[in-house]
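Chain naming here is simple, since letters A, B, ... match the order of the sequence lines and numbering starts at 1 in each. Computation of the quantities below employed the complete heavy-atom set of this structure, encompassing side-chain atoms and omitting hydrogens, waters and symmetry-equivalent molecules. Every value quoted in this text rests on a predicted model; they were computed, and no experiment measured them.
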Amino acid sequence: MNGSGNGNGKENGYGKRVKVESEVARKKIKTEGEKKRRVKREQKEEEEAEEYEWWRDQNGDKDDTIRWTQLEHQGVLFPPEYVPHGVPILYDGEKVYLEPEIEELVGFFAALLETEHGANPTFQRNFFNELKLLMSKSKRKYPIKEFSRCDFRPMYEYFQKQKEEKKQMSKEEKAALLEERKMIEEKYGYCILDGRREKVGNFRIEPPGLFRGRGAHPKTGCYKRRVRAEQITINIGKDAKIPEPPKGSKWGNVIHDQTVTWLAMWKENVNDNTKYVFLAAGSSLKGQSDLKKYEKARELKKHIVRIRKDYMAALTSSDGKTRQRATALYLIDRFALRAGNEKGDDQADTVGCCSLRYEHVTFEDGKVVFDFLGKDSIRYYNKVEVHPAVYRNLVSFQRAAKTPGNLLFSLINTVELNKHLSSLMPGLSAKVFRTYNASHTFQQELEKQDVTPASSIHELTLAYNRANRQVAVLCNHQRAVAKNFSGQLSKIADRLMGLRYECRRHIDLLKPNLTDLSLADRAKYDLAPFEQACRDDPDRPITTEWLYSYFADLLTKDIERLEKKKASDATQSNLDSIEEKLASLSSELSTLNSKKEALSSSKSSKPYIPEMYRLTFNSIDKSFSTIQRLYTRIVATKTALVDKDENKTTALGTSKINYIDPRITVSWCKKFDIPVEKFFPKTLREKFKWAMHADKNFKF
DNA sequence: TGTAAGACTTGGAATAATCTTC
DNA sequence: GAAGATTATTCCAAGTCTTACA
C-alpha cells in the first residue's frame, strides 16, 4: 500500500535523514517516536482496510452512466432539536425574554456578535427582518422595533461561558463525547456500494442558522431554516432497506436512481439551492472521477500545442465573436482564470473570464491590469504583459463596452466557449486548463528546485512547498493572514538569533584548540559552513543591547522554572539548593538590568555574560558535535522562517487537493526517498489511493 | 436559442486534533 | 502539563458544466 519506499527497516517515519544526537535530542526522540508510532498505526489501518483496487480494472468502454448497482445506507443524521436557555436580550436596556423559536433565531445572531458577520450591515438587516417577521407571527407582543436598540450581549456572554465550560470538561466527559461520535460515525458514516463498505461524506443534515454568504452577498444573514425529513429525498438501491425517518415523520421521497451518486438530497430555503449527501472523498466513486479528471488534463497535453496555435491565430480573426473567444481562451490558458458563468442579482457580484466587465481591466505601461473579485469574493489582481494582439483586442473590447457595468466579452458566453473547446478535444472545457496548467507547472517547478536525494528533509520540504506555492499563486488561492502573524514571525526570528549567537560562541571557544592539530586532523573539524550559518542577519544584527535582553530572558525563564519546581515538588532535601540557585539567578538578573541601564552612558564594548551561561571548553569532539547540533537547528529554523513568510497569504491546500495530479507527488517522493506522509496527511492518502502506485518515472 | 434545474467540483473559514514550547 | 501554534478535517458556500425543457 505504501509506495514511498520507506520500508519498516528504516530508522524512523522520515527515513534515515534525521540525525539523532544526545541530550537536546532526547525530547525530540520521544516526540518523533510518538509520531513514528502514529504513522505506523495509520499505515496499518490503511493496509487493513479491505481494499478494492478499482483502478486496476478500469475499462474504458464501460457504461459510465450507471454509477452503482447496489446501494444500502442508513440515511441522514438530523441535528438535535432546539433546547431553550431562557437568557434574555436587552431592548433599550430592558430585559426581553423570548419564546423558543425566536430565542433560537436571536441566538444565531448573538453567537456571531464579535465576528465580521455580526458587524456586517447587510447581515444585520437581513437577520433583523427575519426576526421582525417571526415576531409578527407570534401571539406575544414584543417591544422590539429597531436593531440599534437591541443589546445581544447577555446571550453572547452566556454562549461564551458555555464554550469555556466545554473546554473545562473532564477527561471522562470528553472521552464519552468522542465515543458517541464514533458510534454515530459507525452507523451513518458507511454505506454498501456494489458489495463493498464505503465511507459516506456529509451525512449530517445542515443545522439551522443564519446564512453566511461570502463577500457582499445580498442574502447574507437570512434565516436558514431547520430541515425536516419531509423535505428530504433518499436515493437508495431498490432491494435495500429504507432507513427509518425520525419518529412521527416520513421522507419526502425515496428514489432508486442509479445514474447519480448522491444518497440524499434536499432544497435549502435561502437560495433555493439543492444540497446533497455524497460519498467521502476517499470512496471509489469519487476516486474514479478524480482519476478521470487528471487523465483528461493529461489528454489536453497532447492537444495543447495545436489548441494554442488555433487560438493565437484566431486573435486577429475578422470575426468579432471569434476574436473574443480566442482572447478569452488566451486568458484562461495563460492566467488560469475560471470560465465565468453569468450570475443573478441575488448573489455576490463576482466574475470570471467571460463575465469580466469594463471596469475590471485597465492598461498601464503597456501592460494589462486585471483587478476583480473572483470566486468567494477573493480579489484577483495581476499586472501582466500579454501578446500584442491580446492587448489590442482587450483595448477594443473595452472601448466597445463603453461604460462600467458592461461586459468585456459581450459576444460570447461559457456555454459557447465550452462547446468550441469540446470540438477541439472531446470532453474539453475551460476548467480542464486550470487542472492541466496547475499540474504541469507543479511538475516543472519541482524539477527546477535545487535539491538532490542527499538533501535534508527540511530542504526537500521547502522545495516541494515552493513548487506547490507557484501553483497556488497561479490559481490565486489566497487566505487571510493569521492574526498575530508578525508576532509569530519575529518570535521565530528571535529564536534564530539566539541559535546563531550560541553557535558563534561555541565556534570561538573551539577554534583556539584546533591550532595545535595536524593539517589532516584540522580538516576533520571544518568550521567554515558553521561560521557561514551563524553570520548575522544584516536586518537584525546582534547588538550588546540585544544580548542583554537575551540573557535577561534566559534568566527570567530559569527563575520561573525554579519557582514552579519549588512550588510543586520541593522536598526538604532539595529546597535549600533551589533557594540558593534562585538567589544567584535573581542577583544575576539585577546585575544584568543595571548593566543594561548603564549601556547608554558608557560605551563599554564587552557585554557582561552571567556566570551560569559562560562556556567552558571540554573536548574538541564534544564541542564540535554541539556546533553541529546548533547548525542543524539553525538551518531548520531558517527554512521554517522563509517557508512561513512565503506562505503568509497563500493557501497551498486547495491546489494540492484539487489541481495537482497526486501521482507527481508520489513519484517525486519515491525518487527522493522521502515518505509521501510528509506531504499527504491521512485523508489525502485515502483520497489518492489510486495514485500511490505511481512509479518514480511517472510524468504528468 | 435561452433558461432553469440538477449534479458535481472547488474553495476559504471554522473547528478539532496534534505538536511544540515553556 | 498547560498554553499557544500548527496542521488536519469538517463544513457548507460558490463555482462549473451538462441536460432538460420551452
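Comparing atom distances between the A:Ser429 side chain and each of B:dC8, C:dA8, C:dT18 picks out C:dT18 as nearest. Of all nucleotides listed (C:dA13, B:dG11, C:dT16), B:dG11 comes nearest to the side chain of A:Arg434. Side chain of A:Met265, nearest nucleotide from C:dT18, B:dT10, B:dA7: B:dA7. Each of B:dA13, C:dA13, B:dA7 was ranked by its minimum atom distance to the side chain of A:Ala480; first place goes to B:dA13. Taking only side-chain atoms of A:Asn658, from C-beta outward, the nucleotide of C:dG15, B:dG11, C:dC17 with the closest atom is B:dG11. If you check C:dC12, B:dT10, B:dC8 against the side chain of A:Lys431, the one that comes closest is B:dT10. For A:Ala430, whose side chain is taken as the heavy atoms from C-beta onward, the closest listed nucleotide among B:dG12, C:dA13, C:dC17 is C:dC17. Closest to the side chain of A:Trp262, out of C:dC17, C:dG15, B:dA7, is B:dA7. Of the candidate nucleotides C:dT16, B:dC8, C:dA13, C:dT16 has the atom lying nearest to any side-chain atom of A:Arg338.
Separating the NZ atom of A:Lys656 from the P atom of C:dA8 is a distance of 7 Å, rounded to the nearest angstrom. Atom pair A:Asn418:CG and C:dT19:C1' shows a separation of 14 Å (rounding to whole Å applied). Taking atom CG on A:Asn202 and atom C1' on B:dC8, their separation rounds to 12 Å, with Å as the unit. Rounded to an integer number of Å, the gap from CG of A:Asp272 to P of C:dA13 is 14 Å. Remark: P of C:dA14 and CD of A:Glu206 are 12 Å apart, rounded to the nearest angstrom. Rounded to a whole Å, the CG atom of A:Asn468 is 13 Å from the P atom of C:dT7. Taking atom NZ of A:Lys174 as the reference point, atom C1' of C:dA2 lies 11 Å away to the nearest angstrom. Summarising the geometry, the separation between NE2 on A:His217 and P on B:dG11 is reported as 18 Å, rounded to the nearest angstrom.
Using a 4.0 Å heavy-atom criterion, one finds that A:Thr274 contacts no nucleic acid atom at all. When heavy atoms are screened at a 4.0 angstrom cut-off, A:Tyr659 is found touching the sugar-phosphate backbone but no base atom. Looking at heavy-atom distances under 4.0 Å, A:Lys687 makes no contact with the nucleic acid at all. Here A:Lys267 lies in heavy-atom contact (under 4.0 Å) with sugar-phosphate atoms only. If you check every strand for non-hydrogen atoms under 4.0 Å, A:Gly213 touches sugar and phosphate atoms only. Here A:Arg214 lies in heavy-atom contact (under 4.0 Å) with a base. A:Gly340 comes within 4.0 angstrom of the backbone, heavy atoms only, and of no base. Backbone-only engagement by A:Gln478 is indicated by non-hydrogen atom pairs under 4.0 Å involving sugar-phosphate atoms exclusively.
Within the 4.0 Å cut-off from OP1 or OP2 of B:dG11, at least one side-chain nitrogen or oxygen of A:His477 is found. For the pair A:Thr350 and C:dG15, the criterion of a side-chain N or O lying under 4.0 Å from OP1 or OP2 is met. For the OP1/OP2 pair of C:dC12 and a distance below 4.0 Å, the side-chain nitrogens and oxygens of A:Lys275 include no atom meeting the criterion. At least one side-chain nitrogen or oxygen of A:Lys293 sits closer than 4.0 Å to the OP1 or OP2 atom of B:dT10. For the OP1/OP2 pair of C:dG15 and a distance below 4.0 Å, the side-chain nitrogens and oxygens of A:Asn341 include no atom meeting the criterion.
When each of A:Ile657 and A:Lys224 is assigned the nucleotide of DNA chain C bearing its nearest heavy atom, the one mapping closer to the 5' terminus is A:Ile657. Judged by closest nucleotide on DNA chain B, A:Val415 is the one of A:Ala651 and A:Val415 placed further toward the 5' end. Sequence order on DNA chain B of the closest nucleotides to A:Cys475 and A:Glu342 puts A:Glu342 first from the 5' end. Of the two residues contacting DNA chain C, namely A:Gly215 and A:Val432, the nearest-nucleotide position lying further toward the 5' end is that of A:Gly215.
Under the 30°/60° scheme for interplanar angles, the aromatic rings of A:Trp690 and A:Trp54 are found to be tilted. Classified by interplanar angle (parallel below 30°, tilted 30° to 60°, perpendicular above 60°), the ring pair A:Tyr188/A:Phe203 is parallel. The aromatic rings of A:Tyr380 and A:Phe370 sit perpendicular, their planes meeting at an angle over 60°, well past the 30° parallel limit.
A cation-pi arrangement is not found for A:Lys678 relative to A:Tyr464, the charged atom failing to lie both closer than 6.0 Å to the ring centre and inside a 45° cone about the ring normal.
You'll find the side chain of A:Ile307 reaches within 4.5 Å of the side chain of A:Leu300, heavy atoms only. Between A:Leu193 and A:Ser284, some side-chain heavy-atom pair lies under the 4.5 Å cut-off. Counting heavy atoms from C-beta outward, A:Asp290 and A:Phe688 have side chains that approach closer than 4.5 Å.
At least one donor-acceptor pair closer than 3.5 Å links the side chain of A:Asn202 to the backbone N or O of A:Phe278. Looking only at distances, a side-chain donor or acceptor of A:His360 sits under 3.5 Å from a matching main-chain atom of A:Arg357.
For the segment residues 375-382 of chain A, residues with any heavy atom less than 4.0 angstrom from an atom of DNA chain B are, sorted by number, A:Lys375, A:Asp376, A:Ile378.
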Problem set entry | Check against side chain to side chain donor-acceptor pair (under 3.5 Å), A:Asn120 and A:Thr220 | CA-CA 9 Å; A:Asn120 175 353; A:Thr220 191; 4.9 Å; no
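With salt bridges taken as basic N to acidic carboxylate O contacts below 4.0 Å, one links A:Glu206 and A:Lys275.
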All N/O contacts under 3.5 Å from nucleotides 14-16 of chain B to the protein, with atom names and distances to one decimal?
none

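A search for side-chain hydrogen bond (donor to acceptor under 3.5 Å, both in side chains) contacts involving A:Asn418 returns nothing, not counting sequence neighbours.
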